[in-house]
Protein chains: 2
Amino acid sequence: MNIATDTRSRIIAAAKPRFHSRSYANVGIQEICEGAGVQKGSFYHFFPSKRDLVMAVIDEFADEWANGFVAEAFDPALPPMERIDYLIDAAYFWQKSIKQVHGRMLGCIFGNLTLEVSTQDDILRAKLLAIFTRAKSRFKETLEQAVATGTIPPLDAGLTAEAMLAYLEGVILLAKAQNDPELLYRLGPAIKTLRIELSGG
Amino acid sequence: MNIATDTRSRIIAAAKPRFHSRSYANVGIQEICEGAGVQKGSFYHFFPSKRDLVMAVIDEFADEWANGFVAEAFDPALPPMERIDYLIDAAYFWQKSIKQVHGRMLGCIFGNLTLEVSTQDDILRAKLLAIFTRAKSRFKETLEQAVATGTIPPLDAGLTAEAMLAYLEGVILLAKAQNDPELLYRLGPAIKTLRIELSGG
DNA sequence: CTTGCATTTTACCGAACGGTCAACTAGCAT
DNA sequence: ATGCTAGTTGACCGTTCGGTAAAATGCAAG
């Protein structure tokens, strides 16, 4: 089982950077198998379909983030609004380091996949939506604490959290269009100016 | 030349909704030719490559917007900040009507293509970037007029314009993940809360 | 009537696509 | 030693991919 798991994770490891740097449709299973040093028959022993592979890839990216930058950023020890600064910083430095290594801004894999596949595959769309929903919750909790501590005036934490997530994705999209992570540095901090007021009581 | 032009524009007309509703890689030239009632050889008489077709499609979408909603929204007769409201409204109603007809939120073709191809094709990326740059200019002029008329306090119009554009794209992305244009209605108006201050006199 | 050009048709190219299958290997428990 | 199973192999499926080339049209000017 150890070796078997190794094959499976080698496949995922080969698929991750490819899906991130190109697109779902543009990366073939053949190429992933070559990258992983695995035969196509083996691939289909572990993954019923290409979609199942990309789901595993999404999970790995999500875990990586949740246990990495996101865990650091949303540290309860930090003042609430500083956590948001931290997250923006982390996104900036991550994209920047990827560009240094890879030569290109790759952007957010979740955003990339969302725009590519969500009209064509509701299961993938649901999976990606779940990740955005979790991210939104992090923002929301943070905003609620910022309100509770009097750091910011009361607001609609749920909607503002969603707005902030949208802004982050949008900035990454625009930065990718410019192939320049510095846009994250310039535009990122403005995320804290976003506000949606509480409506009706 | 009339009939010839007709063939060319039939090809573009067949390609537009397909690229918009799916993706660049997922739409084949064969299918576009069938949709246009044209032979593949004819296609390559008018377009040297698939990339040239999608460039023409981008141009048509851009013109459509520039002469439609965008022209209406950025009407100099409107108070500056109301133009931004108008644009958000237009995006909302457009996405909503598409969903009613098509059954799905398709989002912004420029954002869709940007995330799909901009790591793989610098010519397409440049084309899409040019469109975003034009859009940013519209926002910037509007903000400058809002500042000049005293509607809003002074700010960095260029950066705030870029932030607003990013936010709009991000909201559309998130709405597409939810397949629900109503998110545009809820989050859209907060675009006016975005502010990036002037740095260093 | 003919030359020339733009357009269209049809057949075709090699490569890649996602996915399947049967045969084979290795390890382990009975 | 035997049988079972997880894993692996490599050949193969039909289809589609973007793109090409040559021959056939239609049409307009000389």
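Please read all numbers here as calculations on a predicted model, not as lab measurements. Note on naming: letters A, B, ... go to the chains in the order of the sequence lines (proteins, then strands), and numbering restarts at 1 for each one.
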Would A/K40 and A/Y44 count as a side-chain hydrogen bond (donor to acceptor under 3.5 Å, both in side chains) here? Give the steps.
CA-CA 7 Å; A/K40 202 188 266 194; A/Y44 280 98; over 6 Å; no
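Here B/Y44 reaches the OP1 or OP2 of D/dG19: one of its side-chain N or O atoms lies under 4.0 Å away. Considering only side-chain N and O atoms, A/S49 lies nowhere under 4.0 angstrom from the phosphate OP1 or OP2 of C/dG18. When the side-chain nitrogen and oxygen atoms of B/H45 are compared with OP1 and OP2 of C/dT7, one or more of them lie within a distance under 4.0 Å. The shortest distance between the side-chain N/O atoms of B/T7 and the OP1/OP2 oxygens of C/dT8 is below 4.0 Å. A close approach under 4.0 Å does not occur between any side-chain nitrogen or oxygen of B/Q30 and OP1 or OP2 of D/dT16.
Judged purely by distance below 3.5 Å, without hydrogens or angles, the side chains of B/Q120 and B/R125 never pair a donor atom with an acceptor atom. Looking at B/E116 and A/N112, their side chains never bring a donor and an acceptor atom within 3.5 Å of each other. For the residue pair A/Q178 / B/E162, a side-chain donor-acceptor distance below 3.5 Å is found, with atom types taken as modelled.
Computed from coordinates, the B/E31 CD to D/dT15 P distance equals 17 Å when rounded to whole Å. When the C1' atom of C/dT8 is taken as reference, atom CZ of B/F46 falls 9 Å away, rounded to whole Å. The nearest whole Å value for the distance from the NZ atom in B/K50 to the P atom in D/dT20 is 15 Å. One atom, CG of A/N26, and another, P of D/dC17, lie 14 Å apart when rounded to the nearest Å. Atom P of nucleotide D/dG19 and atom CZ of B/R51 are separated by 10 Å, given to the nearest angstrom.
In this structure, the nucleotide among D/dT8, D/dG18, C/dT8 sitting nearest to the side chain of B/I29 is D/dG18. Nearest to the side chain of B/Q39, among C/dT10, C/dG18, D/dG18, sits C/dT10.
Backbone-only contact: A/G28 has heavy atoms under 4.0 Å from sugar-phosphate atoms and none from a base.
Heavy-atom distances to DNA chain D give each of B/V27 and A/F43 a nearest nucleotide, and the one nearer the 5′ end belongs to A/F43. Toward the 5′ end of DNA chain C lies the nearest nucleotide of B/V38, the other residue of the pair A/K40 and B/V38 mapping further downstream.
Taking the ring centroids of B/W94 and B/H20, they lie under the 6.0 Å cut-off.
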